[in-house]
Visitor: 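I have a structure here, written as structure tokens, and I will follow up with some questions on it.
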Amino acid sequence: MKKLNNFNKLNFLLIVLAILVWSSCKTDKITPITEPVKDLTGTWKVVKASRNGADLFSLVDTTVIKFNSFTIKFNGGNYTLSNPLPFIVSQNGTYSLDNPQFPFSIKFTETGASAPVSTAFTYPIVNGVRVLTLVFSPGCPQNSYSYSLVKVN
Amino acid sequence: MRSYFNIKIKGKNLWKVCALFALAVFLVCCSIVISQLDQPTTGIAGQVLPITAHCTVKTNILNSPILANYIIGFLMPKGWNAGANTTATYTSTLGNGNMVEMPPSILETESINNGTNLSYSAAMLKKFGIGQNLVADMEWVVFRSTQQISIPNVVTITGEIDLKITAGIDGNTTIFKPAYVICESVDGISHFNATTPDYGYLNGPRLTVTGTGDIVDLCDPLLTSLDPPKSLDNDFLTLTYNEKLDTANKVKGPNFYLCVDTVLTSDNKVLTGFCTQSPKSLLTQTTSNSGLYKITFWPRSFFSLPAGETATEMIYHIIDANGNKVGFADTDEAFTYKFKCN
């Protein structure tokens, strides 16, 4: 009789364990992560610039060539330049990305220009700050420039 | 520190020598020497420049024979576009044949091994720079044999590579020092060790090719030099003045200024009024006592060019605080810089 009681207890425990195991299992529904649209809206300033790999900030007299005054403002498909420097465009106009979620290039069209100009485009987050890096040739095609810009607060 | 291991090997030194010898036998591939170079020191722009590089290759190859292409790289002014204006052939004790320009998609062996994955031209620029020249407006032009050659072990190969370069297609008078690299496609420009390269390198003599265009001196120290060497008015331009080359002491420091006397434009205007002594035109010394003074400026802004106006040429001097001037070749004659890309 005592053996039978022990047997029942064991069975009971196994059943409880099975219920616990079964109830702990559930199907995880993985929601696909949607890549956000890259929004450039805002005013951007240059924080790093190079010409053919050489740092321009250390080459220029920044009181004469004012990199910190040059800005580009993106707003509703338009861009506006302030205090221009050698750049992919020299006049205000419109812009678009080749892909709103995964852009590889940005296209600028100056007001009145017949054809747009495109440039390589990266948009990483560096030290918690979104950095827009553009590579272009404002003069001779063999001279390559890279500007890194961050949003002005 | 005392070793925990006290292993005694009989004839230890003999074994060390044998091990080194075995390594040398199995790992050294090729020793390539450019034994003689037939290169003229003068030429005429637009005419063919014949160059012959004689070389000796001693092989010592594990798992021989290997199949490899002969490769030659030669350092030329970019303005010559020598890749499209050169024919190359080779003769050797393992056969003769033609050579064609190396496609940039073919990666150099050492750069593959170290993960940088460079074309042969880029790898040679990284390793050998611009040779004995001073202005970086140069490129390594690389040709390879159209056929692969079966190279056996422990053999000495002698041969010549003949280049026929149509010189100076830009029409300029160009002064520079060519350089040459010969290697094979298995090892590329790698090293067996620090003192044993798998390639042969040789600096050629100074070459002057006379044309009707500008004078482009790529190898002599100049009173003023500009970087980039080819630019337009919408590039940033860095001008360097070498005070130590003003042996006539025409100007006195420490303050030197860029004095642009005249700017010519694409619509034939002659602009003046850019010779000032101001912070905008002040050159700064690179490091203390270097004697090198630099200014980086944006020509469109420096010349206050309106939209649609393009500068084609600037004529300039370097002046000091007292207004004394120095120009081309340490004389009063002005320097000239043309805004162009080719």
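In what follows, chains carry the letters A, B, and so on, assigned in the order in which the sequence lines appear, proteins first and then strands, with residues in each chain numbered from 1.
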Visitor: Side chain, backbone, both or neither: which part of B/Ser231 has an atom under 4.5 Å from a heavy atom of chain A?
Guide: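 Both backbone and side chain.
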
Visitor: With a 4.5 angstrom heavy-atom cut-off, which part of A/Phe87 approaches chain B: side chain, backbone, both or neither?
Guide: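 Contact with chain B is through the backbone of A/Phe87 alone.
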
Visitor: Looking at B/Asp217 and B/Cys219, would you say the former's side chain and the latter's main chain have a donor-acceptor pair under 3.5 Å?
Guide: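 Answer holds: yes.
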
Visitor: Where does the angle between the aromatic ring planes of B/Phe335 and B/Phe328 fall among parallel (under 30°), tilted (30 to 60°) and perpendicular (over 60°)?
Guide: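 Perpendicular: the ring planes of B/Phe335 and B/Phe328 meet at over 60°.
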
Visitor: Are B/Phe176 and B/Trp80 an aromatic pair by the rule of ring centers under 6.0 Å?
Guide: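 That pair passes the under 6.0 Å test.
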
Visitor: Heavy-atom count check: over 12 atoms from other residues, nucleotides or ligands less than 6.0 Å from B/Asp267 CG?
Guide: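 Correct, the count exceeds 12.
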
Visitor: Below 30° counts as parallel, above 60° as perpendicular, anything between as tilted: where do the rings of B/Tyr241 and B/Tyr293 land?
Guide: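 Plane angle between 30° and 60°, so tilted.
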
Visitor: At a 4.5 Å cut-off on heavy atoms, which part of B/Asp233 comes close to chain A: side chain, backbone, both, or neither?
Guide: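 Nothing of B/Asp233, per the 4.5 Å heavy-atom cut-off to chain A.
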
Visitor: Under 4.5 Å heavy-atom distance to chain B, tell me which part of A/Leu59 shows up: side chain, backbone, both or neither.
Guide: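 Both the backbone and the side chain of A/Leu59 come within 4.5 Å of chain B.
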
Visitor: Quick one: what part of B/Lys78 sits under 4.5 Å from any heavy atom of chain A, side chain, backbone, both or neither?
Guide: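 No part of it gets close to chain A.
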
